[in-house]
Amino acid sequence: MKQEIRDKILNILKQNNLLFEGVEDKIKIESPKEEKFGDLSTNAAFILSKNLNKKPFEVANQLKELFEKDPYFEKVEVAGGGFINLFISDAFYHQILNKAIEEKDEFGKAKEKNKGKINIEYVSANPTGPLHLGHGRGAVVGNILSNLYDYIGYKVEREFYINDAGNQIKKLGMSVYARFRQIEEPSYPFPEDGYHGEYIKDIAKEIYHYEREKILSFLDEEEAIEFCAEYAKNFLLDEIKKDLKLIGVEFDIWYSERHLYQHGKVEQALKFLESKGLIYEKDGALWLKTSLYGDEKDRVIRKSDGSYTYFAADIAYHYDKYLRNYDFIINVWGADHHGYFPRLKAAIMAFGVKEDWINVLFIQLVKLFKNGEEVKMSKRSGDFITLRELVEEVGKDAVIYFFASKDPNTHLNFDIDIALKKSNENPVFYVQYAHARISSVFREAQQRFNFNPEEDFEADLSLLKEDLERSLMKYISTIPDEIYDATIKNQPHKITNITYELASRLHKYYYYHKFLIENDEKLMKARLYLLKAVRNVLRTLFKIMGITPVERM
RNA sequence: GCGCCUGUAGCUCAGCUGGAUAGAGCAUCGGCUUCCGAUGCCGAAGGUCGCAGGUUCAAAUCCUGCCAGGCGCGCCA
């Protein structure tokens with residue numbers, strides 16, 4: 001709504017030769033907190049007063065006259081100093097409804113990707129086991145965030161960084177190899193810090209089934225471990241992709257850590273930093289002067305044994321992202337990595353990039369509750385509920401909605417009992433029911449009146465005069481603004497609030513008014529038109545979240 | 001010890017770029033269906049916004065200290 005009204009105002013100024021140079025960006029449209037100050041207000045008079053060399057109050061009155069001629073403004077008031085309060089007319093809201101009908105499940109979405117190119121990296125789980133709930137939450141948040149930036153007009157690249165180079169993978173190989181050997185020799189030692197999960201045994205069995213001869217006869221132990229590592233990594237990465245697909249999350253780029261090493265990108269990045277004099281040697285190791293850029297101390301990038309640290313690879317990774325020329329990047333990380341951020345940021349600043357080029361969203365822990373008790377999870381023993389198990393238990397939509405509904409920065413309690421309830425105790429059902437309810441009315445319209453609202457039709461919207469109808473239209477018109485707001489503040493959880501609020505207004509409208517009206521076809525069509533618009537907006541929000549718009553339930 | 005996050009109604013949480021009686025849902029209590037799905041709607045009750053100071057005309061919101069919970073402080077990843 002703000003954007004449309006802003007365009008309208010700028011247009012009026014232009015037509016009256018009032019759009020002076022440099023003025024455009026300064027003119028702001030705000031929504032006043034109090035209803036009596038109108039639907040929107042603008043500071044235009046203050047801005048123009050300098051160019052016109054008049055007092056803001058005078059300019060405001062001049063503008064008021066111009067604005068009043070436009071049918072989108074029902075009333076224009078000049079407040080105290082020169083603020084102009086705008087009361088939007090129904091004609092505007094009717095336009096919004098038409099838009100909601102035309103744009104279907106992409107209501108208010110930017111038509112062009114002209115805001116710039118960004119990269120959002122999320123999940124990036126080690127391919128050493130199935131995804132757990134924390135990954136799931138990160139996946140949902142990252143996915144919605146990506147959809148949001150896409151919605152407001154950014155070209156978004158979604159990326160998963162595969163940690164396939166370090167010790168974790170080696171450990172994985174050793175674990176699988178040990179389980180493999182144990183099949184024939186149960187007393188074969190299992191590595192102390194190996195991966196204990198049952199899935200390791202399953203992979204070992206599979207390898208045993210297909211590759212027993214090869215491993216036992218043709219490979220030495222080191223080669224065998226490497227083989228197991230590679231096999232397990234590919235297997236698990238595949239599982240991760242499947243898990244993500246369950247909640248509708250897909251990536252554009254799968255970026256391999258090993259790729260960085262194989263293509264000399266680590267050396268390349270470090271060379272660049274070295275050329276800036278930011279690298280030095282101490283105690284047989286190479287250090288980066290991160291303390292110059294706000295980190296609490298310098299960090300090792302190459303250990304005294306000659307191998308690189310994880311940090312070194314990460315520097316190379318982000319140097320690569322930097323070379324890819326994004327306007328900015330967002331990383332979605334588990335909160336347990338927050339202590340790592342200052343050094344990465346320091347490295348990026350060392351490239352010569354401005355600080356706010358990188359944004360990190362930290363995802364706090366997920367606790368699971370069932371039958372009123374916390375389900376304890378231990379990663380060490382491999383005894384944890386996986387994302388897949390949760391999806392199987394409560395369904396994809398509930399998982400998405402619950403993960404999305406809380407501020408990523410707060411701890412999340414996931415109550416399985418509530419997610420399973422088919423009642424309004426369960427917000428997912430509440431919002432989905434709103435959608436299904438409209439579809440239900442449409443089916444009834446078809447049956448009773450032989451009128452199918454699913455097809456295109458026209459309606460006389462001036463018949464929508466009820467308070468609930470007008471406030472519903474008004475709320476719809478603010479939704480693109482709210483989505484925009486949620487996006488640039490990186491607060492994807494607000495989408496669930498907006499959805500819930502819209503659903504609530506719909507339920508209320510449904511309760512107080514009838515849509516299928518025996519002897520007033522015009523009114524019936526007008527109301528069905530409004531319902532259809534609401535349903536499209538719901539679909540838009542569902543689409544951003546990845547939730548299914550069910551027709552009946 | 002230092003750093004980051006969190007602490008709002010019995011429970012789960014919004015609100016936190018300061019603004020007027022602090023909002024939802026669930027749970028509790030009381031209403032609303034001859035009529036498009038009551039998987040809904042309306043109302044009541046319920047809060048020292050962790051505690052203590054400070055800034056301000058105005059603080060849940062900003063600052064300081066403290067308390068509680070979580071996380072992090074490696075030549076690990």
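Worth knowing before you read on, the calculation uses all heavy atoms, side chains too, and leaves out hydrogens, waters and symmetry mates. Numbered from 1 within each chain, the chains take letters A, B, ... in sequence-line order.
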Rounded distance in Å between the [atom1] positions of [N] and [M]:
{"N": "B:A9", "M": "B:G23", "atom1": "C1'", "result": "10 Å"}
{"N": "B:G19", "M": "B:A58", "atom1": "P", "result": "14 Å"}
{"N": "B:C49", "M": "B:C16", "atom1": "C1'", "result": "11 Å"}
{"N": "B:G69", "M": "B:A27", "atom1": "C1'", "result": "25 Å"}
{"N": "B:A14", "M": "B:C66", "atom1": "C1'", "result": "27 Å"}
{"N": "B:G31", "M": "B:A68", "atom1": "P", "result": "47 Å"}
{"N": "B:G53", "M": "B:G15", "atom1": "P", "result": "28 Å"}
{"N": "B:A38", "M": "B:U56", "atom1": "C1'", "result": "50 Å"}

Please pick, from [options], the nucleotide with the shortest atom-to-atom distance to any side-chain atom of [X].
{"X": "A:E296", "options": "B:A24, B:C13, B:C73", "result": "B:C73"}
{"X": "A:K514", "options": "B:C41, B:A77, B:C36", "result": "B:C36"}
{"X": "A:Y511", "options": "B:A77, B:C41, B:A14", "result": "B:C41"}
{"X": "A:H337", "options": "B:A77, B:C41, B:G72", "result": "B:A77"}
{"X": "A:N413", "options": "B:C75, B:U12, B:C5", "result": "B:U12"}
{"X": "A:Y512", "options": "B:C42, B:A14, B:C75", "result": "B:C42"}
{"X": "A:Y500", "options": "B:A24, B:A38, B:C42", "result": "B:A24"}
{"X": "A:D336", "options": "B:A38, B:G72, B:C75", "result": "B:G72"}
{"X": "A:H411", "options": "B:A77, B:G69, B:C13", "result": "B:G69"}

What does [N] pair with, Watson-Crick or G-U, if both distances are under 3.5 Å?
{"N": "B:G7", "value": "B:C67"}
{"N": "B:A45", "value": "none"}
{"N": "B:U12", "value": "B:A24"}

- Message: Need the glycosidic conformation of B:U28: syn if within 90° of 0, anti if not. Which one?
- Response: anti

- Message: Strictly below 4.0 Å, N to O, side chains only: are A:D481 and A:K2 in salt-bridge contact?
- Response: no

- Query: Hey, is A:E393 close enough to A:K370 for a salt bridge, meaning N to O under 4.0 Å?
  - Reply: yes

- Note on the structure: Only one of A:R443, A:R535, A:K532 passes salt bridge (Lys or Arg N to Asp or Glu O under 4.0 Å) with A:E454, and that residue is A:R535

Answer with yes or no whether the side chains of [Y] and [X] bring together a donor and an acceptor at under 3.5 Å.
{"X": "A:Q432", "Y": "A:D397", "result": "yes"}
{"X": "A:D314", "Y": "A:Y340", "result": "yes"}
{"X": "A:K271", "Y": "A:Q268", "result": "no"}

- Task: Tell me, please, whether A:Y475 has A:R505 positioned over its six-membered ring: NZ or CZ under 6.0 Å from the ring centre and within 45 degrees of its axis?
- Result: yes

Any side-chain N or O of [X] under 4.0 Å from OP1/OP2 of [N]?
{"X": "A:R527", "N": "B:C36", "result": "no"}
{"X": "A:S405", "N": "B:G25", "result": "no"}
{"X": "A:K367", "N": "B:U12", "result": "no"}
{"X": "A:K303", "N": "B:C76", "result": "yes"}

- Per nearest nucleotide of RNA chain B, the residue lying toward the 5' end, A:R448 or A:F362, is A:F362

- Query: Mapping A:R302 and A:I517 onto RNA chain B by nearest heavy atom, which one lands closer to the 5' end?
  - Reply: A:I517

- Message: Any side-chain to backbone donor/acceptor pair from A:H263 onto A:H259? Under 3.5 Å, distance only.
- Response: yes

- Item | Enclosure of A:D305 CG (heavy-atom neighbours >12, cutoff 6.0 Å) | yes

Does the [N] base have a donor-acceptor partner in the side chain of [X] within less than 3.5 Å?
{"X": "A:Y510", "N": "B:C41", "value": "no"}
{"X": "A:H338", "N": "B:G3", "value": "yes"}
{"X": "A:S304", "N": "B:C75", "value": "yes"}

- Message: Distance check needed: B:G74 P versus A:R343 CZ, whole Å only.
- Response: 8 Å

- Task: List in numerical order all residues of residues 478-494 of chain A for which some heavy atom is under 4.0 Å away from an atom belonging to RNA chain B.
- Result: A:K489, A:H493, A:K494

- Item | Aromatic contact, A:W254 with A:F160 (centres under 6.0 Å) | yes

